[in-house]
Amino acid sequence: QVQLVESGGGLVQAGGSLRLSCVASGSTFRLGDMGWYRQAPGFERELVATISREGRTNYADSVKGRFTISRDNTENTVYLQMNSLKPGDAAVYYCNVDYQDYRDMPGPNGYRYHELWGQGTLVTVSS
């Protein structure tokens with residue numbers, strides 16, 4: 001069974017930086033796409049950035065040039081480096097991963113993907 005543990009949230013002044021981490025643990029799994037989403041009070045959860053296992057990245061327009069997503073496949077970890085933070089970036093940030101569980105019975109296309117969300121880490125940006 002795969003578990004996600006997020007860390008790195010906190011309070012920062014506008015213009016500051018934070019680095020979020022999300023570690024996947026368990027056994028018999030292989031990670032696929034990983035990503036970060038965020039949800040501010042009164043708003044829907046939105047995509048921040050994603051990264052494929054091969055390193056292809058995708059960013060929301062609002063964070064391009066300020067945030068960088070990266071991953072370490074050997075450590076089953078995804079990071080989000082957030083620079084030049086704005087009050088509008090304040091939200092609960094959630095890690096999201098797709099993974100294959102080798103305990104499943106493989107189908108004709110291999111092992112199916114499961115989706116998993118982290119518990120969320122709060123980012124607060126003061127103006």
Side-chain angles (χ1 to χ4, degrees):
Q1 191 170 359
V2 180
Q3 293 184 323
L4 300 177
V5 177
E6 300 162 347
S7 61
L11 172 64
V12 65
Q13 287 188 332
S17 298
L18 283 174
R19 189 192 196 205
L20 306 183
S21 300
C22 174
V23 182
S25 63
S27 60
T28 68
F29 73 97
R30 182 178 185 271
L31 292 171
D33 292 349
M34 306 179 79
W36 291 94
Y37 291 71
R38 67 187 181 187
Q39 186 168 19
F43 291 83
E44 292 186 353
R45 191 172 298 188
E46 63 177 1
L47 179 146
V48 176
T50 61
I51 185 167
S52 72
R53 185 171 181 85
E54 296 76 21
R56 291 187 302 272
T57 59
N58 178 53
Y59 294 93
D61 288 343
S62 59
V63 306
K64 284 180 180 177
R66 300 187 298 122
F67 291 10
T68 302
I69 189 170
S70 60
R71 64 188 287 168
D72 184 335
N73 290 333
T74 62
E75 298 292 335
N76 293 322
T77 302
V78 62
Y79 304 97
L80 185 68
Q81 178 66 44
M82 304 186 294
N83 298 329
S84 302
L85 282 160
K86 306 175 181 178
D89 295 318
V92 177
Y93 283 71
Y94 296 92
C95 176
N96 175 273
V97 304
D98 293 331
Y99 70 94
Q100 294 169 304
D101 189 333
Y102 294 136
R103 295 172 300 177
D104 291 339
M105 183 68 68
N109 297 317
Y111 293 91
R112 72 181 182 95
Y113 279 94
H114 301 264
E115 182 183 35
L116 185 64
W117 290 92
Q119 80 284 0
T121 184
L122 179 63
V123 172
T124 304
V125 184
S126 63
S127 57

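Below, each value reflects all heavy atoms present in this structure, side chains not excepted, and no hydrogens, waters or symmetry copies.
Note: M34 CE to T57 OG1 = 14.5 Å, rounded to the nearest 0.5 Å. The CZ atom of R66 sits 10.5 Å away from atom OG of S17, with the distance rounded to the nearest 0.5 Å. We find the OH-CZ distance between Y99 and R53 to be 15.0 Å, quoted to the nearest 0.5 Å. We find the CD-CZ distance between Q100 and F29 to be 11.5 Å, quoted to the nearest 0.5 Å. Interatomic distance, CG of D72 versus OH of Y79, reported as 5.5 Å (0.5 Å rounding). Taking OG of S21 as the start and CD of Q81 as the end, the distance is 9.5 Å to the nearest 0.5 Å.
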Side-chain donor-acceptor distances from residues 5-16 under 3.5 Å, at least two apart:
from: E6; atom 1: OE1; to: G120; atom 2: N; distance (Å): 2.5
from: E6; atom 1: OE1; to: T121; atom 2: N; distance (Å): 3.3
from: E6; atom 1: OE2; to: C95; atom 2: N; distance (Å): 2.5

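Within a 6.0 Å radius of CD in E44, other residues, nucleotides and ligands contribute 12 heavy atoms or fewer. In the displayed structure, E46 atom CD is contacted under 6.0 Å by more than 12 heavy atoms of other residues, nucleotides or ligands.
Nearest heavy-atom pair across L4 and A24 is CD2-CB, 3.6 Å. Shortest non-hydrogen contact noted between A90 and V125 is CB-N, 3.9 Å.
Side chains of S62 and R38 form a contact here, defined as non-hydrogen atoms less than 4.5 Å apart. Annotation: side chain of V123 is in contact with side chain of L20 (closest heavy-atom distance under 4.5 Å). Side-chain atoms of T50 and D33, non-hydrogen and from C-beta on, never get closer than 4.5 Å to each other. With a 4.5 Å cut-off on side-chain heavy atoms, N73 and L31 do not count as touching. Annotation: side chain of W36 is not in contact with side chain of M82 (no heavy-atom distance under 4.5 Å).
Put simply, the side chain of R30 never gets that close to the backbone of Y102: no donor and acceptor are under 3.5 Å apart. Judged by distance alone, the side chain of Y59 and the main-chain N or O of G65 form no donor-acceptor pair under 3.5 Å.
In this structure, V23 is not a member of the same hydrophobic cluster as Y93, with clusters built from ILVMFWY side-chain heavy atoms closer than 4.5 Å. In the hydrophobic clustering of this structure, I69 groups with L116; members are Ile, Leu, Val, Met, Phe, Trp, Tyr whose side-chain heavy atoms approach within less than 4.5 Å, directly or through other members. Hydrophobic cluster membership is shared by I51 and V63, with clusters built from Ile, Leu, Val, Met, Phe, Trp and Tyr side chains linked at under 4.5 angstrom. Put simply, L47 and W117 are part of the same group of oily side chains (I, L, V, M, F, W, Y) that touch within less than 4.5 Å, one to the next.
The residues K86 and D89 are annotated as not salt-bridged, no charged nitrogen and carboxylate oxygen being separated by less than 4.0 angstrom.
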Apply side chain to side chain donor-acceptor pair (under 3.5 Å) to residues R56 and N58 and explain how you reach the verdict.
CA-CA 7 Å; R56 291 187 302 272; N58 178 53; over 6 Å; no

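Judged as a side chain to side chain donor-acceptor pair (under 3.5 Å), the pairs with a partner in residues 103-115 (not counting sequence neighbours) are, in order, N96-E115, D101-R103, D104-H114.
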